Amino acid sequence: MTLDPTLRERHQTLCRAIERHNYAYYVLDAPELSDGEYDKLFQELRALEAEAPELQTPNSPTQRVGAPLDERFEKVRRAARMYSLDNAYDADELREFDRRVREGLGDTPYAYVAEPKIDGASIEVTYEGGNLVLATTRGDGETGENVIANVRTMRALPLRIDDARRWTLRGEIYIRTMDLEAINAQRQARGEAAFANPRNAAAGSLRLLDPRVTAERPLRVAFYDLVETHFESHQAMLAALAELGLPTHREERRCASIDEVLAYIGDFDRRREELAYETDGVVVKVDALDQRTSLGFTARFPRWATAYKYAAEQAETVLRAIECDVGRTGALTPVAHLDPVSLSGTTVARASLHNLDMIADKDIRVGDTVRIQKAGEIIPQVLGVVMEKRPTDSTPWEPPTVCPACGTPVAREEGVAALRCENPACPGRLKAGLWYFTRRGAMDVDGFGKSLVEQLLDAGLVADLADVFNLHTKRDAIVALDRIGDKTVDNLLAAIDVARTGRTFDQLITALGIPLVGSVAARLIAERYPSIQAMLAAEPTELQGELAAIHGIGDKIAESVSDFLAGEASRALLQKFEDHGVTFVQRERAVVEGPLSGMSFCVTGTFDRKRDVIHAEIRAAGGTVHTSVKKNTTYLLAGAKVGAKKTEAAEKKGAKVIDEAAYRVLLAGGATAAAPDGEGQSESDRDGETNSEPEGPNVEQLSIKLDG
Ligand code: IVH
């Protein structure tokens, strides 16, 4: 069958529009479409690919998130070694570098390009025939690991470029400071360790074996190098990359002399404070590429470039106490309480101690004078103890034996660096959970700061997440809290009311803070189980399998969600949200009109195509998919090997059983198969149904349980 050329054209147009929007959003920071408009394009693309699967290439925007890898990453030997850079720590060292360049180039004039040294993880990507085909980590320089499955999930990176030549690019994958703060807050609220710096976060995200988890990380990239280039200068090369729609840092400056480089370094030291990402220096490169060739490389570094590193600011201060923060999952994280000291423009009174091993290894004690540093890190780090200043009577720090929030004995598991409070009712865990619950991206309740959460808990006004929605009955008690005026309470209660009926179901799922479930996974889960009742009604024994069958949900996430839903307390909590009148708004969806509009299908038996594909085809044609036959299901589409019991049961419910041939007639817009009689399709039955996603099974309607 030949493909209608207009479909191919439309497919290309959609792919381009989506990718152009990704570029505007992630690279230029200047979105041109609303989320709803973007979703519409995406839906149309999905529908088109369901209709014509041959259009679905690995580089379609629909294919960004793939299946988990079962093994380690494939090792790839690269054509040209990835060198690292020599460092210069002051002006003298930089002048020394300049002297060597001048000597190496004889009498020829030369210029530099100075540009930011971004604090992330290096990456090499290859485009061939316009397609992204390979992405490798630095590895040992000569051999890297193929992380294309993860890199593909980055919407900041185009999957296609408008140039068929082979382009091998190098750059830095990074995470913006505010994104890292959000990730860390989320991780800590879930009781997971925070990333110490953007570099660790980026490198860690690239090497995850499950691209679905990588897809949750807001990774960005800036390219700064091209292997086997035909350009004359670095500047021309950077301009060409930007022209192709490839992200670059756009912060470079051409400098005619080392003095100009030093001026840039001075300017950039101020400028870098304003940048959305962390930089730890300036890379200085000879601009002309033929001059680079003549300078060549030492065993480890190019002779034509160096990295000027800004000194990380350090300070000394006295450690007054070591206390443990309790995370949402009960993990205890030690935190140093310090005499306030000024560091890189902020006053620091707390610093991370990472874990118990670090405290033991560095023998950090209360009363010690410690050195702290903030170098790219969000949270200042304790580097070590100034031993000469140790008080003579100090004793080693003893980790707590009970949870500081609830007094439950805490045990340290073998081989694990963290202590964990196992008490599910621990107020410390609840505090972290509540704070996470009300954050932006979760239930997004304005005015729910950390101190308010603390006060509400101390006063016993909330005992679980759902109690947030009962606070309007406790107005007087809230006003009585310290420093909370009438106006503040009114604003807070109004914000809670907005959240009560104004959030999507996936926001609630995100807000629950189920381990491993971020906003992307939450959206997929909410498409499968679109309401609290649908979730509660799901068969506990089958839930994990059902979740894992969702395209985009890995086994680990499925297990985590089903574990959560198996708990009595979690089920009671979900019910409580409903009791407090929490309802959800529908995510905006494209309404598809087509030959199957108004019809609902349940698909069973075997077909020569995947069932997913048939589902997508039905939705693309305007139909609704039911995963089990309900009283308002129009058709049971039966493939091969369907038992009589199943078809009879379906007919009893009023569904008409059709085979694939009859279905094709419907799809073609014909009415050969008996027209749907609409029985059992009252308006109220159809309430809340969308024509684009399956509904979760409903308790009474589970009598026919279909395979797969
Ligand atoms: S040029 C041979 N430019 O810093 C040239 N590197 O050791 C090699 N980096 O791992 C790199 N920003 O990942 C270059 N603007 C920039 C950079 C940059 C960050 C990283 C790079 C490498 C390390 C240098």
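In each ligand, atom 1 is the first atom listed, and ligand 1 is the first ligand listed. Given the structure is predicted, the values throughout are model-derived calculations rather than measurements.
Under a 4.0 Å criterion applied to the non-hydrogen atoms of Glu115, ligand 1 contributes the atoms 3 (N), 15 (N), 16 (C). Heavy-atom contacts of Ser122 reach the following atoms of ligand 1: 10 (O), 13 (O) (cutoff under 4.0 Å). Counting the atoms of ligand 1 from 1 in the order shown, those under 4.0 Å from a heavy atom of Ser84 are 7 (O). Atoms of ligand 1 lying under 4.0 Å from any heavy atom of Glu172, numbered from 1 in the order shown and given with element: 9 (N), 13 (O), 19 (C), 20 (C), 21 (C). Listed by atom number, the atoms of ligand 1 under 4.0 Å from Tyr83 heavy atoms are 8 (C).
The protein non-hydrogen atom at the shortest distance from atom 14 (C) of ligand 1 is Tyr224 CE1, 3.3 Å. Nearest protein neighbour of atom 12 (N) of ligand 1, counting heavy atoms only, is Ile118 N, 3.1 Å.
In this structure, Arg102 is not positioned above the aromatic face of Tyr110 in the sense of NZ or CZ being under 6.0 Å from the six-membered ring centre and within 45° of the axis.
Of the residues listed (Arg77, Arg81, Arg170), the one engaging Glu124 in a salt bridge (Lys or Arg N to Asp or Glu O under 4.0 Å) is Arg170, and it is the only one.
Not close to ligand 1: Gly120, with no non-hydrogen atom less than 4.0 angstrom away. Assignment of Arg138 to the shell around ligand 1 is supported, since a heavy atom sits closer than 4.0 Å. At least one heavy atom of Pro302 sits less than 4.0 Å from an atom of ligand 1.
In terms of modelled atom types and a separation under 3.5 Å, the side chain of Asp368 and the main chain of Val370 share no donor-acceptor contact. The closest donor-acceptor contact from the side chain of Thr177 to the backbone of Ala276 lies under 3.5 Å.
The number of heavy-atom neighbours closer than 6.0 Å to CD of Glu142, taken from other residues, nucleotides and ligands shown, is above 12. Within 6.0 Å of the OH atom in Tyr25, the count of heavy atoms belonging to other residues, nucleotides or ligands does not exceed 12. Heavy atoms of other residues, nucleotides or ligands lying less than 6.0 angstrom from CD of Glu316 number more than 12.
Of all the heavy atoms of Lys117, the ones lying under 4.0 Å from any atom of ligand 1 are found in both the backbone and the side chain. When heavy-atom distances to ligand 1 are checked against a 4.0 Å cut-off, Leu85 comes that close through both its backbone and its side chain. Proximity of Lys285 to ligand 1, defined as any heavy-atom pair under 4.0 Å, is confined to the side chain (atoms from C-beta onward). Only backbone heavy atoms of Pro116 (N, CA, C or O) come within less than 4.0 Å of ligand 1; its side chain stays farther off.
With salt bridges taken as basic N to acidic carboxylate O contacts below 4.0 Å, one links Glu145 and Arg207.
The shortest N or O to N or O distance between Ala121 and ligand 1 is not below 3.5 Å.
Side chains of Thr62 and Glu49: a donor-acceptor N/O pair is present below 3.5 angstrom, by distance only.
Expressed to the nearest 0.5 Å, how far CD1 of Ile183 lies from OG of Ser205 amounts to 6.0 Å.
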